[in-house]
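Naming convention: chains lettered A, B, ... in sequence-line order (proteins, then strands); numbering from 1 in each chain.
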Protein chains: 2
Amino acid sequence: MSESHEIDERLFLRSVARAFAVLEVWSAEPRALSLGEIAKAAGIDKSAAQRICQTLVGLGYLERAPGGLVPGKRALDRAFDYLRITPLIERAAPVLATLRETCGERVDLSLFDGTTILYALRLQSRREAFFATLPGRRLPAFCTSGGRACMALMSDAAVDRLLSRSDLVARTRKTLTDPAAVLEKVREAREQGYACVMEETLLGEVVVAAPVTDSAGRPVAAVHIAGTLAEWSEAEFRRRFAPHAIAAADALSG
Amino acid sequence: MSESHEIDERLFLRSVARAFAVLEVWSAEPRALSLGEIAKAAGIDKSAAQRICQTLVGLGYLERAPGGLVPGKRALDRAFDYLRITPLIERAAPVLATLRETCGERVDLSLFDGTTILYALRLQSRREAFFATLPGRRLPAFCTSGGRACMALMSDAAVDRLLSRSDLVARTRKTLTDPAAVLEKVREAREQGYACVMEETLLGEVVVAAPVTDSAGRPVAAVHIAGTLAEWSEAEFRRRFAPHAIAAADALSG
DNA sequence: CCCGACGGTATCGGCCTGCGATACGCTCGA
DNA sequence: TCGAGCGTATCGCAGGCCGATACCGTCGGG
């Protein structure tokens with residue numbers, strides 16, 4: 001995913017890393033897990049798993065449940081800290097609310113992180129029952145509208161590097177997995193100022209997205225507007241909503 | 001806050017606990033922090049803070065920012081794991097969406113945790129711009145509608161214990177801080193099946209809440225409906241929305 | 001019925017890892 | 001020109017963590 005910058009291993013705390021490796025087990029296996037399962041999935045022995053889990057339960061980051069252990073409520077506190085401290089989130093909330101009212105479709109703010117995007121704010125549309133539309137969801141950048149919008153602000157070489165580090169696996173039968181094809185879409189987004197993705201993460205879904213930059217002009221996030229092909233044609237959706245996405249993203253940039 | 005169950009200290013990993021102590025520093029000091037500040041706030045020396053922060057940056061749980069370090073995006077992934085695994089959240093999402101449509105006011109699902117409640121799902125009303133209405137926010141149980149609704153399902157003795165462990169500090173000039181007065185409100189909630197709190201956490205705000213139980217009948221969460229006194233009288237708000245809160249909470253219980 | 005596999009729990013000696021004192025170069029503002 | 005911060009880097013000692021091992025339940029199958 002994102003290895004940040006090769007950390008000096010002399011200052012690396014193995015026990016801390018193993019504790020987080022334990023917490024991360026549930027992202028691949030979302031159910032109550034036993035000590036043995038945790039140990040195997042995290043690549044540690046049962047003794048270490050025992051010590052780590054006891055500690056994490058004591059701290060509230062894991063909870064005992066019928067059938068084993070599950071993530072604890074403390075995880076929500078840490079996420080809240082992140083959302084509260086990040087100025088972009090605070091600025092984006094009212095902008096997205098307005099956008100949602102104007103457009104009537106689902107609008108999202110996603111954060112650009114390495115080879116992925118991460119939904120931070122999501123305002124569902126009235127008609128769509130939100131299921132699995134929770135903040136914190138992470139998707140690959142290469143096949144999402146927000147990801148491509150962000151890539152559009154990078155050089156072709158940087159886009160190539162990102163794509164080469166990505167796991168280019170198709171999520172639907174329409175997902176583009178050829179790096180050259182993705183790059184072509186990124187170039188189109190660069191020219192238009194927004195990206196449009198059709199059914200590449202969810203069949204029947206059309207999404208336009210515009211990039212949000214930091215003060216140095218680097219892409220850090222994207223504003224998405226998502227609709228369904230049951231109600232819109234691609235051309236009509238682009239024409240109608242792309243300008244709004246761009247305007248909102250601009251308001252949040254810099 | 002919630003010490004769960006006194007953990008065997010022979011199996012307690014000090015280095016892991018210190019790493020989380022570092023992460024938790026930002027909940028009291030929501031801004032970019034330097035190593036020295038982190039060390040002082042977490043009660044460790046600068047060397048330990050250096051090693052822990054290097055490790056957490058490498059793992060993505062902290063990020064470098066102008067002026068110091070801030071929480072990292074990985075926190076959102078862990079919160080997502082929690083929300084995805086907890087069956088109550090999944091069941092609650094469509095119920096709250098319907099409730100939001102029916103009532104037109106802000107509706108929340110809060111989780112009952114020790115002496116506090118924790119907002120897990122929040123659907124803002126159309127007219128209110130949401131600011132600081134993020135999931136993950138934690139409030140004391142004693143002065144919130146959801147907290148009192150949950151306490152109503154406990155024995156008086158258990159409520160007393162909870163109140164004695166709580167920090168009974170007023171949030172507004174209307175907050176009840178006398179344990180006996182709070183207990184009286186809890187008894188009222190026990191009789192009525194829901195709690196109503198007026199301006200005790202936010203001036204001008206009225207909230208009704210009903211408790212959600214697990215299969216053993218223990219309170220685990222609450223459904224809130226919140227409005228403003230600019231639009232509603234207490235009596236009218238209770239009459240109109242309490243039945244909906246109770247119905248939704250019942251649907252999620254057991 | 002007894003066994004083996006699995007659950008969680010507990011113990012312990014030894015080694016390696018994390019500890020914390022210390023020092024360095026840098027950028028501020030006084 | 002300081003001194004107080006900042007982040008960074010080093011290093012020997014000590015003791016905290018490691019992981020093998022064992023224990024006691026509860027299953028379900030042979």
Side-chain angles (χ1 to χ4, degrees), chain A residues 3-26 29-72 85 215-216, chain B residues 3-26 29-72 85:
Chain A
E3 74 284 19
S4 294
H5 293 286
E6 201 60 44
I7 290 298
D8 185 340
E9 66 178 37
R10 281 167 303 186
L11 295 175
F12 194 78
L13 301 188
R14 197 166 62 111
S15 56
V16 172
R18 300 211 292 178
F20 283 97
V22 165
L23 282 181
E24 288 164 7
V25 160
W26 280 271
E29 207 68 47
R31 57 186 177 84
L33 297 175
S34 72
L35 268 185
E37 291 172 317
I38 294 165
K40 190 160 60 167
I44 60 183
D45 64 34
K46 206 173 121 180
S47 292
Q50 180 191 12
R51 283 190 297 272
I52 293 169
C53 290
Q54 289 265 5
T55 304
L56 293 175
V57 167
L59 296 173
Y61 291 95
L62 288 182
E63 289 174 10
R64 298 179 197 284
L69 293 167
V70 293
I85 288 181
S215 55
Chain B
E3 76 284 20
S4 293
H5 295 285
E6 201 60 43
I7 289 299
D8 186 339
E9 65 178 36
R10 283 168 299 188
L11 295 175
F12 194 78
L13 301 188
R14 195 166 63 111
S15 56
V16 171
R18 298 212 290 178
F20 283 97
V22 165
L23 282 181
E24 287 164 9
V25 161
W26 279 270
E29 208 67 49
R31 57 185 177 82
L33 297 174
S34 72
L35 267 185
E37 291 172 316
I38 293 165
K40 191 160 59 166
I44 59 182
D45 65 33
K46 208 174 114 178
S47 292
Q50 180 191 14
R51 284 190 297 270
I52 292 169
C53 289
Q54 289 266 6
T55 304
L56 292 176
V57 167
L59 296 173
Y61 291 95
L62 288 182
E63 288 174 11
R64 298 179 198 283
L69 293 167
V70 292
I85 289 180

Worksheet entry | 5′-ward residue of the pair A:Gly67/B:Ser15 relative to DNA chain C | A:Gly67

Worksheet item: Do A:Thr55 side-chain atoms and B:Leu13 backbone N/O form a donor-acceptor pair below 3.5 Å?
Response: yes

Worksheet item: Bend across the helix from C:dC1-D:dG30 to C:dA30-D:dT1, to 10°, with axes taken over 5 pairs at each end?
Response: 30°

Item to complete: Return each pair, listed once, that meets ring pair (Phe, Tyr, Trp, His ring centres under 6.0 Å) where at least one residue sits in residues 32-51 of chain A; pairs must be two or more places apart or across chains.
Response: none

Practice prompt. Nearest whole angstrom, please: distance from the C1' of C:dG18 to the CD of B:Gln54.
Written response: 14 Å

Worksheet entry | Check against side-chain contact (heavy atoms from CB on, under 4.5 Å), A:Leu69 and A:Leu33 | CA-CA 5 Å; A:Leu69 293 167; A:Leu33 297 175; 5.8 Å; no

Worksheet entry | Residues in side chain to side chain donor-acceptor pair (under 3.5 Å) contact with B:Gln50, at least two apart in sequence or another chain | none

Worksheet item: What are the residues of residues 33-41 of chain B, sorted by number, that bring a heavy atom to within less than 4.0 Å of DNA chain C?
Response: none

Item to complete: Among residues two or more places apart or on two chains, list those pairs meeting ring pair (Phe, Tyr, Trp, His ring centres under 6.0 Å) that have a residue in residues 33-66 of chain A.
Response: A:Tyr61-B:Phe20

Worksheet item: With sequence neighbours left out, what residues match A:Arg14 under side chain to side chain contact (heavy atoms under 4.5 Å, CB included)?
Response: A:Arg18

Fill in: Partners passing side chain to side chain contact (heavy atoms under 4.5 Å, CB included) against B:Val70 (at least two apart in sequence or in another chain)
A:Ile85, B:Ala32, B:Glu63, B:Ala65

Worksheet, complete the sentence: B/S/- along nucleotides 20-30 of chain C (protein heavy atoms under 4.0 Å) is BBB--------

Worksheet item: Can you list every pair that meets side chain to side chain donor-acceptor pair (under 3.5 Å) and has a residue in residues 40-49 of chain A, with sequence neighbours left out?
Response: none

Worksheet entry | Of all pairs that satisfy salt bridge (charged side-chain N to carboxylate O under 4.0 Å, His left out), the ones with a partner from residues 50-61 of chain B, not counting sequence neighbours | none

Worksheet item: Atom CZ of B:Phe12 to atom P of C:dA10: distance rounded to whole Å?
Response: 16 Å

